[in-house]
Every structure is written in structure tokens, then in C-alpha cells.
Novice: 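Submitted below is the structure of interest, expressed as C-alpha cells.
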Amino acid sequence: LFDLAPLLGKRGMSPSDAATAIGMWGVMMAVLALPVGWAVARMAPRWLLSLGCTAMAGGCLLLIAGSHSVAVVLALVLLAAGQSFIVGTVGAATARAFGRAQHGAIRSAISRLGVFATALGPLAFGLSQSRTGGFGAALVGFAVAGGVGAVAVLFMGRAAPGDEPGPPR
């Protein structure tokens, strides 16, 4: 989220308003931890991942369109909700898609990809700022990626027998 500070500053937000907006991201991540865990045990990962990607795309679009502090806070809440669903679901989705025997190795590779992807956000923001003078191009790219992701995960394979979500056994 540190890469959002310049964006919020360009929106004319005071440092205290920007801190409040960014703080709401953390609050939402904490609030959704248990409900997302509950949903992972009961729903197909594809729906939860699609919801997460959709929320993140919506947050990016709201950051593009919204200039009022309330819109920015709502955008960060949507981003946090999307991240909560994605991060909370990926472990279960990995186990269901590839089986549990190699879960550790596969999860490690996915974690490395996540760290790499985390570095792309600030890079995209920096390139967008230097090439266009603003952050809109990066946000549009992130929103498009979220929309594509939301549709793509709906085509994930089905769970292996015995690994389907449902009430705890």
C-alpha cells in the first residue's frame, strides 16, 4: 500500500486523510479473515477467487473515478476485500487443484509468484507516472487484469473426489 501514498497525495488528500484511507485497508483485511475462511470451507474456490478479482477491479476503477475521500476509502476497502478473498482462498484452491501430496512445493512456488507480482504494482505505478504524468494507466491495467482474472478463474477445474468444499466433516 505504500505505493498508493503518491496517488492519494495527487488527489489532494491530507496526510491524515490518506492515513485513514490506508488504515481502512488493514481494518477490512482483519474483519474478513474469519468470514473468508468460513466461505473457503463451504464454497468452490473459483467463485471466491472470482469475487476477489472483481472486488479488486472495482477498487481500481473507483480509484480512477473517485476524487472524494469517501470514494478513496471505499476503493481501498474493495481492494482489501478482494485481497482477502484471493489470499484466503489460494491455499485451499491449490490443494484441491493439485492434491495434497505436493501441496507444500506447489504452495511455495505460488508464494514466490505472489512476491514477484507484489513488486509489479509499484513498478507499474512508477512507469505510469513517468510516462503519462498520472496513475490512471496503471489503474486501468490493474482493473483489466482483475476483470480477466475474474472470468478466467471461473474455468478452473473441479476438485478431486473427497476434496470438495462443504461443511466440516
Side-chain angles (χ1 to χ4, degrees), residues 1-40 42-94 110-156:
L1 286 176
F2 57 86
D3 53 316
L4 290 177
L7 181 144
L8 300 180
K10 276 198 162 223
R11 294 285 164 87
M13 291 184 79
S14 71
S16 65
D17 285 346
T20 299
I22 290 173
M24 292 309 297
W25 176 87
V27 168
M28 182 55 87
M29 290 287 288
V31 165
L32 284 178
L34 288 176
V36 168
W38 178 88
V40 166
R42 288 161 177 75
M43 296 176 67
R46 75 174 115 236
W47 298 110
L48 299 173
L49 291 170
S50 183
L51 178 63
C53 289
T54 301
M56 291 190 75
C60 289
L61 292 175
L62 195 51
L63 277 175
I64 293 168
S67 59
H68 192 273
S69 294
V70 173
V72 172
V73 169
L74 181 57
L76 292 178
V77 164
L78 282 172
L79 289 170
Q83 287 177 320
S84 292
F85 275 95
I86 291 169
V87 170
T89 305
V90 75
T94 302
I110 289 172
S111 293
R112 278 188 236 124
L113 287 173
V115 170
F116 173 73
T118 300
L120 294 179
L123 178 63
F125 270 142
L127 286 173
S128 179
Q129 173 64 27
S130 69
R131 302 267 195 251
T132 68
F135 300 102
L139 289 169
V140 167
F142 296 149
V144 168
V148 169
V151 173
V153 296
L154 292 175
F155 294 98
M156 286 174 50

Novice: Can you find a heavy atom in the side chain of Cys60 that is under 4.5 Å from one in the side chain of Leu78?
Specialist: no
Novice: List the atom of Pro122, the atom of Ala119, and the distance in Å for their closest heavy-atom pair.
Specialist: CD-O, 3.5 Å
Novice: Applying side-chain hydrogen bond (donor to acceptor under 3.5 Å, both in side chains), can you list everything that pairs with Arg131, at least two apart in sequence or on another chain?
Specialist: none
Novice: Look at atom CG of Leu34 and say whether more than 12 heavy atoms of other residues, nucleotides or ligands are closer to it than 6.0 Å.
Specialist: no
Novice: Step by step, work out the side chain to side chain contact (heavy atoms under 4.5 Å, CB included) result for Val72 and Asp17.
Specialist: CA-CA 10 Å; Val72 172; Asp17 285 346; over 6 Å; no
Novice: For residues 84-92, run the donor-acceptor check on the side chains, cut-off 3.5 Å, and write out each pair with its distance to 0.1 Å, sequence neighbours left out.
Specialist:
unit_1 : atom_1 : unit_2 : atom_2 : d
Ser84  : OG     : Ala80  : O      : 2.9
Thr89  : OG1    : Phe85  : O      : 2.6

Novice: Using distance only, find each side-chain donor-acceptor pair of residues 132-156 under 3.5 Å and give its atom names and separation, not counting sequence neighbours.
Specialist:
unit_1 : atom_1 : unit_2 : atom_2 : d
Thr132 : OG1    : Ser128 : O      : 2.6
Thr132 : OG1    : Gly134 : N      : 3.3
Thr132 : OG1    : Gly134 : O      : 3.2

Novice: Can you check whether Ser50's main-chain N or O pairs, donor with acceptor, with Thr54's side chain at less than 3.5 Å?
Specialist: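 It does hold such a pair.
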Novice: Taking side-chain hydrogen bond (donor to acceptor under 3.5 Å, both in side chains) as the definition, give me every residue that meets it alongside Ser16, ordered by chain and number, with sequence neighbours left out.
Specialist: Ser14
Novice: Identify the two heavy atoms, one from Leu7 and one from Phe125, that lie closest to each other, and give their separation to 0.1 Å.
Specialist: CD1-CE2, 4.1 Å
Novice: Is there side-chain contact between Leu76 and Met24, with at least one heavy-atom pair below 4.5 Å?
Specialist: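 No, side chains not in contact.
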Novice: Write down the atom of Gly114, the atom of Thr118, and the distance for their closest heavy-atom approach.
Specialist: O-OG1, 2.7 Å
Novice: Please report the closest heavy-atom contact between Ala21 and Met13, naming both atoms and the distance.
Specialist: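 Shortest heavy-atom contact: CB-CE, 4.0 Å.
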